[in-house]
Amino acid sequence: MGHREDLLEGAKRCLLAKGFARTTARDIVKESGTNLASIGYHYGSKDALLAEAYLALVGELSDAFEGAEGGGVTAPPGSLERFREVWANIIATMREPGSMWRLSVEIVAMGDQLPAVREHLALQQREAERALVALFTGVPEKDVPDRTLDTLGRFYTTLMTGLIVQWQFDPDRAPDADALTEGLGMVVEAAGQATPTAGRPSAPCAAAGGPRRRPGPGR
């Protein structure tokens with residue numbers, strides 16, 4: 001590996017061991033066997049490198065999200081069963097001892113002290129939403145329109161963020177995939193029984209990944 005790859009691997013190990021705030025440039029250099037100048041040359045700054053390292057750690061979980069070890073996600077796209085199956089895969093990564101998701105909590109709690117990291121990650125948020133929508137709906141990432149990202153993508157991201165916080169803060173009471181799915185089913189059922197508002201659907205089909213298979217064009 002070259003210095004760029006060595007730095008990334010070293011930064012990943014430092015993040016898992018010390019988190020964002022306590023990792024210094026010298027820690028990364030020591031862990032990677034490189035030098036301080038290499039950080040600026042390859043990544044621009046320590047914070048940009050840490051952000052890239054965090055994204056790489058998240059990316060390494062993508063196979064787990066898709067249930068690769070168990071043969072992949074098998075439930076029909078857009079179904080409540082797929083909703084349950086995917087969240088079960090995601091939550092399984094949060095149950096693991098020393099889960100890297102504690103780094104997400106650190107970003108939320110200390111974002112003001114890590115402005116460069118937060119800004120870098122915010123720029124990547126849309127692609128993360130795109131990947132989640134594709135996973136739940138079965139639509140290729142390149143075909144997910146902006147309007148769907150602004151609605152369904154943010155819905156899934158909000159659930160994801162809440163789950164990360166709950167599993168880190170109070171894992172004994174954090175919901176599992178069955179509880180999430182039952183709750184969503186109750187929301188859909190209640191909305192279906194309510195009197196529809198003019199011009200609006202009677203149930204949040206998009207939230208459940210329901211019948212709307214090809215969302216409208218982007219903005």
Side-chain angles (χ1 to χ4, degrees), residues 1-69 72 86 89-135 140-142 144 146 149 153-154 156-165 167-169 171:
M1 291 192 298
H3 274 198
R4 182 178 179 84
E5 293 77 15
D6 290 337
L7 284 167
L8 187 65
E9 291 302 313
K12 285 159 58 178
R13 291 192 292 272
C14 286
L15 276 180
L16 291 173
K18 306 181 78 171
F20 283 100
R22 294 196 300 123
T23 294
T24 67
R26 293 189 182 279
D27 290 332
I28 298 172
V29 166
K30 181 179 180 181
E31 187 67 33
S32 62
T34 58
N35 55 69
L36 288 172
S38 293
I39 295 178
Y41 179 79
H42 290 290
Y43 291 95
S45 70
K46 181 203 75 171
D47 285 346
L49 170 55
L50 289 178
E52 287 294 333
Y54 172 80
L55 292 172
L57 288 169
V58 174
E60 291 171 2
L61 296 177
S62 61
D63 285 347
F65 287 6
E66 296 169 7
E69 292 187 1
V86 173
N89 292 339
I90 294 174
I91 290 172
T93 69
M94 300 178 187
R95 296 178 185 269
E96 297 174 357
S99 168
M100 57 79 56
W101 293 117
R102 69 184 187 278
L103 298 171
S104 299
V105 178
E106 184 180 3
I107 294 169
V108 172
M110 303 184 65
D112 290 343
Q113 299 178 43
L114 302 164
V117 172
R118 183 177 60 184
E119 180 179 356
H120 190 87
L121 294 178
L123 293 174
Q124 303 299 318
Q125 184 67 39
R126 200 158 182 81
E127 292 311 306
E129 292 169 351
R130 191 182 303 278
L132 280 174
V133 170
L135 183 56
E141 289 186 31
K142 63 181 179 63
V144 177
D146 287 345
L149 289 179
R154 291 176 181 175
Y156 288 135
T157 301
T158 300
L159 280 180
M160 183 81 166
T161 303
L163 282 169
I164 290 170
V165 172
W167 275 97
Q168 292 300 309
F169 180 71

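Distance alone, capped at 3.5 Å, places no donor-acceptor pair between the Ser99 side chain and the Glu96 backbone. Under a 3.5 Å cut-off, the side chain of Glu66 and the backbone N or O of Leu135 do not form any donor-acceptor pair. Glu106 contributes a side-chain N or O that, together with a main-chain N or O of Ala21, makes up a donor-acceptor pair within less than 3.5 Å. At least one donor-acceptor pair under 3.5 Å links the side chain of Glu5 to the backbone N or O of Gly2. The backbone N or O of Leu50 lies less than 3.5 Å from no partner atom in the side chain of Lys12, so there is not a single donor-acceptor pair. Counting only distance, with no hydrogens or angles, the side chain of Thr93 and the backbone of Ile90 share a donor-acceptor pair below 3.5 Å. A distance-only check finds a donor-acceptor pair linking the side chain of Arg130 to the backbone of Val144 [under 3.5 Å]. Side-chain atoms of Arg13 come within 3.5 Å of backbone atoms of Glu31 as a donor-acceptor pair (strictly under, hydrogens ignored).
No hydrogens or angles considered: a donor-acceptor pair under 3.5 Å links the side chains of Ser104 and Tyr54.
Classified by interplanar angle (parallel below 30°, tilted 30° to 60°, perpendicular above 60°), the ring pair His3/His42 is perpendicular.
Expressed to the nearest 0.5 Å, how far CG of Leu163 lies from OH of Tyr156 amounts to 13.0 Å. Rounded to the nearest 0.5 Å, atoms SG (Cys14) and CZ (Arg26) are 13.5 Å apart. A distance of 9.5 Å separates OG1 of Thr161 from CH2 of Trp101, quoted to the nearest 0.5 Å. Taking NE2 of His120 as the reference point, atom CD1 of Ile107 lies at 11.0 Å (rounded to 0.5 Å). Atom CD of residue Glu127 and atom CG of residue Leu132 lie 11.5 Å apart, to the nearest 0.5 angstrom.
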TODO: Go through the steps for Arg126 and Asp146 under the test side-chain contact (heavy atoms from CB on, under 4.5 Å), then give the verdict.
DONE: CA-CA 9 Å; Arg126 200 158 182 81; Asp146 287 345; 3.6 Å; yes

Next item on the list: Using the side-chain contact (heavy atoms from CB on, under 4.5 Å) rule, take Ile28 and Thr23 through it: C-alpha gap first, then chi angles, then the decisive distance, then the call.
Entry: CA-CA 7 Å; Ile28 298 172; Thr23 294; 3.8 Å; yes

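Minimum heavy-atom separation, Ala11 to Leu49: CB-CG, 3.9 Å. Taking all atoms of both residues into account, the shortest heavy-atom contact from Leu15 to Ala53 is CD1-CB, 3.8 Å. The minimum heavy-atom distance between Gly10 and Ser32, with the atom names listed, is CA-CB, 4.2 Å. Residues Thr24 and Lys46 come closest through the heavy atom pair C-CD, 3.8 Å. Contact record, Ala25 with Leu36: CB-CD2, 3.7 Å, taken as the closest heavy-atom pair. Between Thr34 and Leu7, the shortest heavy-atom contact is OG1-CD2, 3.1 Å.
The closest side-chain heavy-atom distance from Arg154 to Gln125 is not below 4.5 Å. Inter-residue side-chain proximity for Arg95 and Trp167 is flagged as met; some heavy-atom pair is nearer than 4.5 Å. At a threshold of 4.5 Å between non-hydrogen side-chain atoms, the residues Leu55 and Leu121 count as touching. Counting heavy atoms from C-beta on, the side chains of Tyr43 and Leu8 come closer than 4.5 Å. Counting heavy atoms from C-beta outward, Phe169 and Val105 have side chains that stay 4.5 Å or more apart.
Under a cut-off of 6.0 angstrom, the local environment of NZ in Lys18 is crowded, with over 12 non-hydrogen atoms contributed by other residues, nucleotides or ligands. With a 6.0 Å radius and a threshold of 12 heavy atoms from other residues, nucleotides or ligands, Gln124 has its CD atom above the threshold.
A salt bridge links Asp112 to Arg118: at least one charged side-chain nitrogen sits closer than 4.0 Å to a carboxylate oxygen.
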